[in-house]
Structure formats: structure tokens, C-alpha cells
Amino acid sequence: MKKRMALWAVYLLIGAGIGAAYKHFSKNEALDGGVIAMSPDDKSATILKPQRSTPNESKVESSIGGEFQLVDHNGNDVTQADYDDAYKFVFFGFTYCPAVCPTELQKVTLIMDELGDDAASITPLFITVDPERDTVEQMKQYVEQFHPKLVGLTGSMEQTKAVAESFKVYASKVENEMMEEYMMDHSSYLYLMDKDNSLIAVYPATDTAMDIVADIQEREL
Ligand code: NI
């Protein structure tokens, strides 16, 4: 698992440097281990191959996450400190997402169920990248479809943008005449955060629920 962490740490470093994205509903999904780099103004995507250098893990960990001010799906103002007593799964997405977000949140639900008692100390957080449509009420209805411990977090455009940036998450609105509703292109990593809010692991969407369960059991949280 250290190797996986190290590899994804490299991906994150690359991503962090250039505001990169792992687009999850793009036409470029078969990436064979690469990462799509895409700036919001530039629609041309570049595939970056992982670097072979050894990442400075502590540097990476300290650069992911941070303070935030958001509103939970019950309408309570919350900050990072409200989740200090828990390990956290953190996933970014939007409730209008047609496929990847529901799939990933189902996966989180399955992981929590499979972990059983081991999940008692884990709080899953779903943070919207689409606060325009993801109101408190919308988030509430949405998270209720998944694990009972899942917390939906929304906020102002500035607040949600700030938290996404602190996790190096790429998110961008996609609109065209063919679509009734706009879409959000966004990263689809699942982060596992420690009680002190440092990063423990980053799981790509390609990891199965069982891969993640096995990894967490190995870590003995
Ligand atoms: Ni999504």
C-alpha cells in the first residue's frame, strides 16, 4: 500500500503543480495510468506519465486538505474541527452527476458496511463542487440515498471552491446546447484523512470497494 500511496502522491504533486484534473466523464477515460492535465480555460488535455522520482510524502500530506467553512445537509455551519474526532472519507462531486458520483458513493456505502465495527470511527464526507444547484435541501435528499453516516457539505461558491482547491480537486462547469442541464467535470479521488486531518491515502475510482476495505483493515485504524 505504501507503493500505491507513493504513486498517487506523485500524481497529486503533478496535479497540484498545474491544476490538473482526472476527468471522470470525459471522452479520455482510458488513460492507462496517466493523469489528464487540463486548465479551466484550455480544453486540450495532456496525458502526463508518472514521474520516477521519490515523492516527499510528508510534503504531499501537508498540502492536501485544510480548514474549511461549509454547511452540512442539516443546515449546520461546520468547519474541519467538527470532524476532528473521526477518520474521514472525503469525496467531491455533485448531486446531478449521472454516473460516477452515485457509483462512488455506493462504493463508500459498501466499504462502510463491509468494515462493520471498523467503520465506527470513520465519517464519510461528500463535498459538492456545484453549490449553485446543491442546496442544503438537495444535499439532504441526496445523501439519504447512501450510508446513514454520509454527510453532505455545501456552501457558497467561494467556500466550496476553496475546499476543492485545498484538496487539489479540479472542477469545471461544462455546458452545451445539446444538454438540458450543465455538467461538472471533476476529479474523482476518494481521500482517507486521519483524525488530525492529515492525508492517509488517496484511492482512485478504479479501486474497488474490496481493495479499499483490505487496505483499511491492513492499516488497523
Ligand atoms: Ni461526479
Side-chain angles (χ1 to χ4, degrees), residues 1-16 20-25 29-36 50 55 57 60-61 63-65 80 83-95 97 99-129 142-153 163-164 166-171 186-221:
M1 186 54 216
K2 280 263 173 194
K3 273 183 191 162
R4 188 211 304 266
M5 173 73 204
L7 181 62
W8 282 95
V10 170
Y11 284 32
L12 284 166
L13 269 181
I14 296 167
Y22 188 82
K23 297 179 60 192
H24 83 215
F25 68 91
E29 285 191 317
L31 281 180
D32 196 24
V35 170
I36 294 181
E57 286 196 25
V60 171
E61 285 177 27
S63 71
I64 294 293
Q80 180 177 253
Y83 307 102
D84 275 353
D85 295 337
Y87 293 96
K88 273 83 58 182
F89 277 128
V90 181
F91 185 75
F92 288 82
F94 66 115
T95 68
C97 186
V100 177
C101 289
T103 304
E104 287 300 294
L105 292 173
Q106 285 290 358
K107 193 160 90 181
V108 169
T109 302
L110 184 57
I111 294 165
M112 295 291 286
D113 287 344
E114 283 292 325
L115 284 171
D117 291 345
D118 291 340
S121 57
I122 304 176
T123 300
L125 304 178
F126 173 58
I127 306 178
T128 187
V129 295
Y142 191 69
V143 297
E144 281 173 355
Q145 299 173 44
F146 302 98
H147 195 274
K149 283 180 75 178
L150 181 65
V151 176
L153 298 175
V163 66
S166 76
F167 278 83
K168 315 297 183 211
V169 164
Y170 166 85
H186 66 93
S187 316
S188 49
Y189 302 112
L190 178 63
Y191 300 88
L192 177 62
M193 308 299 288
D194 212 335
K195 290 184 178 180
D196 67 1
N197 298 304
S198 61
L199 179 69
I200 296 175
V202 182
Y203 304 105
T206 47
D207 277 3
T208 67
M210 291 308 128
D211 291 337
I212 298 170
V213 167
D215 179 60
I216 288 173
Q217 284 171 339
E218 203 175 298
R219 289 172 189 279
E220 297 177 356
L221 298 184

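- Interatomic distance, CG of Asp215 versus CE of Met210, reported as 13.0 Å (0.5 Å rounding).
- Taking CZ of Phe91 as the reference point, atom OG1 of Thr128 lies at 11.0 Å (rounded to 0.5 Å).
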Take Ser63 and Lys168 through the side-chain contact (heavy atoms from CB on, under 4.5 Å) test and state the conclusion after the steps. CA-CA 9 Å; Ser63 71; Lys168 315 297 183 211; 4.2 Å; yes

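- Contact between Met112 and Lys149 at its shortest, heavy atoms only, is CE-CD, 4.1 Å.
- Heavy-atom neighbours of Asp196 CG from other residues, nucleotides or ligands within 6.0 Å: above the threshold of 12.
- Judged by distance alone, with hydrogens and angles left aside, the side-chain atoms of Lys88 form a donor-acceptor pair with the main-chain N or O of Asp194 at under 3.5 Å.
- Between the CD1 atom of Ile212 and the CD1 atom of Ile216 there is a distance of 7.0 Å, given to the nearest 0.5 Å.
- The two residues Ala209 and Leu110 have their closest heavy-atom pair at CB-CD2, 3.7 Å.
- Shown here for Ser188 and Val100, the closest heavy-atom pair between the two residues is CB-CG1, 4.0 Å.
- Ser121 contributes no side-chain N or O that, together with a main-chain N or O of Tyr87, makes up a donor-acceptor pair within less than 3.5 Å.
- What you find for Tyr191 and Phe167 is that their closest heavy atoms are OH-O, 2.6 Å.
- With contacts defined as side-chain heavy-atom distances shorter than 4.5 Å, the pair Asp85/Lys195 does not qualify.
- For the atom pair CE of Met193 and CD1 of Ile64, the computed distance is 7.5 Å after rounding to the nearest 0.5 Å.
- Rounding to the nearest 0.5 Å gives a distance of 8.5 Å between CD1 of Ile111 and CD1 of Ile122.
- Within the 4.5 Å cutoff, no side-chain heavy atoms of Asp211 are placed close to those of Tyr203.
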For His147 and Val108, what are the C-alpha separation, side-chain angles and deciding distance, and is it a side-chain contact (heavy atoms from CB on, under 4.5 Å)? CA-CA 8 Å; His147 195 274; Val108 169; 5.7 Å; no

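- For the pair His186 and Cys97, the tightest heavy-atom approach, listed with the atom from each and the gap, is NE2-SG, 4.3 Å.
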Give the intermediate values and the outcome of side-chain contact (heavy atoms from CB on, under 4.5 Å) for residues Ile200 and Leu221. CA-CA 10 Å; Ile200 296 175; Leu221 298 184; 4.2 Å; yes

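- Here the two rings, on Phe146 and Phe126, have centers that are 6.0 Å apart or farther.
- Rounded to the nearest 0.5 angstrom, Leu150 CG and Glu144 CD are separated by 10.5 Å.
- Scanning both residues, Ala99 and Thr103, for their nearest heavy atoms gives O-OG1, 2.6 Å.
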side-chain contact (heavy atoms from CB on, under 4.5 Å) evaluation trace for Val90 with Tyr83: CA-CA 11 Å; Val90 181; Tyr83 307 102; over 6 Å; no

